[in-house]
Every structure is written in C-alpha cells, then in structure tokens.
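Here is the naming used below: chain letters follow the sequence lines, and residue numbers restart at 1 for every chain.
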Amino acid sequence: MPDANRPPDKISSATTESPRTRAMLIALALAFLVLFLILPVIAVFSEALRKGISVYFATFADADAQAAIRLTLLVAAIAVPLNMVFGIAAAWSIAKFEFRGKSLLITLIDLPFSISPVVSGLIYVLLFGAQGYFGPWLKAHGIEIIFALPGIVLATIFVTFPFVARELIPLMQEQGNSDEEAALTLGAGGLRVFFTITLPNVRWGLLYGVLLCNARAMGEFGAVAVVSGHIRGLTNTMPLYVEILYNEYNFVAAFAMASLLTLLAVITLAAKTLLEMRYGEALAHPPRL
Amino acid sequence: MRFKQTSVLPGFGLALGYTLLYLGIIVLLPLAALVAQASGLGLSGIGAVAAEPRVVAALRTSFGLAFAAALTDGLFGGLIAWVLARYRFPGRRFLDAIVDLPFALPTAVAGIALAALYGPNGWIGAILADFGIQVAFTPAGIFIALIFVALPFSVRTLQPLIAEIDQSVEEVSATLGAKRWQTIRRIIIPTLLPGVLIGFALAFARSVSEYGSVIFIAGNLPYVSEIAPVLIVIKLEEYDYPGATAIAVIMLGVAFCVLFAINLIQAWSRRRFGYA
C-alpha cells in the first residue's frame, strides 16, 4: 500500500478521531492481537523450554521425531514443485490467452480453498481407501496410497493447490502480453520468450506464492491426519507427530516439535513482509487471501 | 465466438492441457468420488445421517460457534483494519505482518498453544478459573480457536477498502457540519458494508471447516463440544464412509452457499459502489 496517499499526521479533528480516541483504538487493537496472536507464539516456546534447553534438544534426537521431520521435508519437496509447475501452466494459459470458460476454470482452481481440510482427506479415502472405488484394485496390485506416502502427498497437493496459480494469474494479467509479443517479433522462440521475459517478470510473485504454498504444505494437519493412519516413524508428518506427543502428555516434546513449525511460520511471515515491502510493485495487486 | 481468440503467443494447448489434466486428477476426480458416494446415498440417506442426534448437535455447535466467531472477528477485525490503515504509530508494520500469523502457523501448533494458554493451569486459563470461567474442553474453547483462525479474513478484506476511501468525502462531510461520529456512521460504515459482509462470510466459511486448531482445546465431548469435522473423522475411523460423506456433503453445501453469497454481494457492491 503506497504511503504517499496518507494524510499528514497533523490533521484537523473533523476528518479524523481525537488523539485520545485514536490512542484508545490502537490500544484495543494491540490488546486483541497480543491476546490472540502473540501470546500463543510465546506460549509455544515457553512450554518447549520449560524443562531446560537440553530436554528441548533431546526431542530431536529421537528416531521417530527425525523420521517426522524427514517426511515433512519430503512431502513438501514433492508437493510444492508440482504445484509450482501447475501454477505457471495455469497462469500462462489463463492470463495470456482469451478463451471460453475461463472464469469457470479460475473458480475450479480456487475450489480447494473452500473445502474443509478433513473433507480434502476424505475424498482421497473414498477413492483409494480399503473400501474406496479403487481400493480393491490397488490391494490386488499391492499398491498403497492411503496410510502411506502417496496419500499424504496427494492430500498436501490438494490443500496447497491454488497458492501459486492465484498469485501468478492476476500478476500476469496485469503485465499483459506486449513484452512477449515484442520478443516474438524480434525472432525469439517460445521457450526463450518464456525463460527470458515471462519468468523474470513474475519471479517475485512466484517466490511469494511458493513461500505460502510451502508453509501450508509443511503445516497441513486435518487433510493429512485423515489419510496418514498415524504410523509412527512411517507416516507421521511433523504436525501429526505434535498431536501424538501431546496426546501422550509428552508436552515438552510436543511443544519442541511445534516450535520448529512456529519458527517456519515466523520466517515465512518475515520473508512475505519483506517481499511486500521491497517488491510490492512486482506482486499481484491487490494481494489476495 | 470461437473457443479461443487468435494470439501470436505459443504454448496455449500445452499449458491449458496440462492445467486441465492436473486439475482433473488432483481436484475433480476425488470430488467426483464424493459426488458419486453422495448420490448413492440419495437425499433420504443424507437426511437420515443429518437427523442423527449426535450429528445435529455437532452441526449446531459448528455453525453456531462459527457464526459467533465470525461476528467477533468482524468487530475486532474491523477495528484492527481501521487502526492499521488509518493511524501511524510505532510498531504498525510489525502488527500488520502479525495479522497473517493464523495463515502461516500450522493449525495443530495453534491448537496446542491455545490449549496450553487457556487450560486450567495456563496463563489465561488460570486467571479465568479464578472467576469460575472454564474455557478449555468447553464450547468457549472452540470459540477462541475459531476467532484465532478466522481473524485475518476480516482484517485483510477490510484493510484495503479503508485505505481506498476517498478522504475528501470525509472533508466535505465535515465542512457541511457533520460531527466525526456522524461521518463514520453515515458515510464510512455504509461504504464499507459490502466488505464487512464479505469478510464475515469468509471468516464464517473458514471457521466452519476448521479442524486442527479446535480439537486440542475442545475436548471433543459428544453433544457438547464436538464439531462436525471431528464427527467426519470418527465416522471414517469406523469405516462408515456413507456417514462421513453425508456430513461432508452438508458442509460442502454450506460452503458453496457462502461462496455464492459472496459473489452476490460483490455483484451488488459493484453496481452500488463501483468496487468489489
């Protein structure tokens, strides 16, 4: 948001609130944010460090904990690039061309955001579960999807499906086609146009979308919980392992694991804010949720 | 009109083909499985599940508390959006960034953090316990968790709209003798009304579908603090696919109604105010 349009700080009280009202409203907003957003973050670290730093680090020496961290990284490493390639393909076709049914296509791409995480897991169970449509066939061929890695990856791809596409589509629409058309008339081939013109033009938007996609991919709980089966050391991602530790009353370990995910969230927010501040002009406007 | 307008840019077929294929495999095929399962049940089958007392109680808890949380977020989210968009004060940038925390923080982490804070021995829970108020393992706990997850929707919907208000309108109102609160009540609030409604609808939709942050603080007592998504998980664990599907279809139906309502509000707002 450009700060140049802001009114100067000294302004007659007829078009703004009195300093006292302002101070009160700021205090109220601050209190609400501290109570609901900042205290939980502090609580995570305080609970994780409750029994000292050595107990905190002992959590990560556990083989199951390391397996959970590895699985989370693996799932994100598969899901995020796939959704990135999809996002670029979808944005290229939607933003650079005019065709019928475009708005329906955009609605369909946004669909996963309006579906409950639990339902996102459920639909894959209905397809691939033991009593699902493909269940008997998969069992006969010895292929495991539900309660195994493929199911976790599929559910993660589903819940993070729109992130890159919905950042790139409006951004590419704003930028128009003239740069690419100029390059084509100068004799560049299609791939060269894409890699030397389009991709550099949208690189900050792409990074922004990938950042949010990754945060959600590593942190997804509901959809993954439904398809994972909670097999220790095998199908437990970090958020699922947090749940197991918590339900076993192993609070320090649960919060220690949670503190890693909190760190990821804080780094994501910081990077996102930095991108908005420095490259706000190279991101889609207005930024959408 | 032909399917596609002519363009000199290459790669349309490949890009659209890949988009449709990927969309089909990841989103449309699994949703078709849900639709197929639901049509196997029929309206009467879904109705029978929806009439189970435990399901009725869970749906009432989910929708009622989501409504209350979205209302609370609408109020405080509006206030936060106003403060962030209109006032300059130290730390504003930080607060602005913090608002997106519920998007970035994994829901399970939020869930155990809130459970720790509001539990009987937690920082806030202990204070409330002195007043005889129990939050953890009651519907009030669900309410708190939903306020947390849905807050950004209210703030981020209203903030750009507040920033875009043409302040000369407020100046005109003031020169015509309006008191500040009259300007707010008769100029600013009506202008923001579509945004308020859309923010509320988004917050409501998010709250209804939330699972991870709720289950730890709710206690999940049947008929008391059990939300609809928890019931879906329970039915799935019992391999009751039809039962899980029926609840899922009801929730999806509500989600689509909310989406449709948002589209109506946007269309109305474009006609009435020229923005959406």
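- Heavy atoms closer than 4.5 Å to chain B are found nowhere in A:T21, neither backbone nor side chain.
- Relative orientation of the A:W92 and A:F97 rings is perpendicular, given thresholds of 30° and 60° on the angle between their planes.
- Scanning for side chain to side chain donor-acceptor pair (under 3.5 Å) contacts around B:S62 gives an empty result, with sequence neighbours left out.
- Here the rule is ring pair (Phe, Tyr, Trp, His ring centres under 6.0 Å) with A:F113, and of A:F161, A:F158, A:F163 only A:F163 fits it.
- Chain A forms more heavy-atom pairs under 4.5 Å with one residue of B:T175, B:L34, B:I247 than with any other, namely B:L34.
- A tilted orientation is assigned to the rings of B:F216 and A:F221, their planes being inclined by 30° to 60°.
- If you measure heavy-atom distances from A:N83 to chain B, the contacts under 4.5 Å come from both the backbone and the side chain.
- With a 4.5 angstrom heavy-atom cutoff, B:F89 touches chain A only via side-chain atoms.
- For a residue to count as touching a neighbouring chain, one of its non-hydrogen atoms must lie under 4.5 Å from one of that chain's; by this rule A:P117 touches chain B with backbone and side chain alike.
- For A:Y246, the part sitting under 4.5 Å from any heavy atom of chain B is the side chain, from C-beta outward, and nothing else.
- The part of A:L105 that comes within reach of chain B is its side chain, from C-beta onward, which places non-hydrogen atoms under 4.5 angstrom from that chain.
- At a 4.5 Å heavy-atom cutoff, A:K102 makes no contact with chain B through either its backbone or its side chain.
- Side-chain N/O atoms of B:T183 and B:S173 include a donor and acceptor closer than 3.5 Å.
- Proximity to chain B (any heavy atom under 4.5 Å) is shown, for A:V125, by both the backbone and the side chain.
- Of the two parts of A:L111, only the side chain, counted from C-beta on, holds a non-hydrogen atom closer than 4.5 Å to a non-hydrogen atom of chain B.
- Inter-residue side-chain proximity for B:F12 and A:F99 is flagged as met; some heavy-atom pair is nearer than 4.5 Å.
- For the residue pair A:T198 and A:E180, a side-chain donor N or O sits within less than 3.5 Å of a side-chain acceptor on the partner.
- At a 4.5 Å heavy-atom cutoff, the contact between A:L184 and chain B is made by side-chain atoms alone.
- Contacts from residues 27-34 of chain A to chain B, taken as heavy-atom pairs separated by less than 4.5 Å, involve A:L28, A:A29, A:L30, A:F32, A:L33 in sequence order.
- Using a 4.5 Å cut-off between heavy atoms, A:E47 contacts chain B through its side chain alone, with no backbone atom that close.
- No part of A:M218 comes within reach of chain B, as not one of its non-hydrogen atoms sits under 4.5 angstrom from that chain.
- Checked by atom type, the side-chain pair B:W82/B:Y87 shows a donor-acceptor distance below 3.5 Å.
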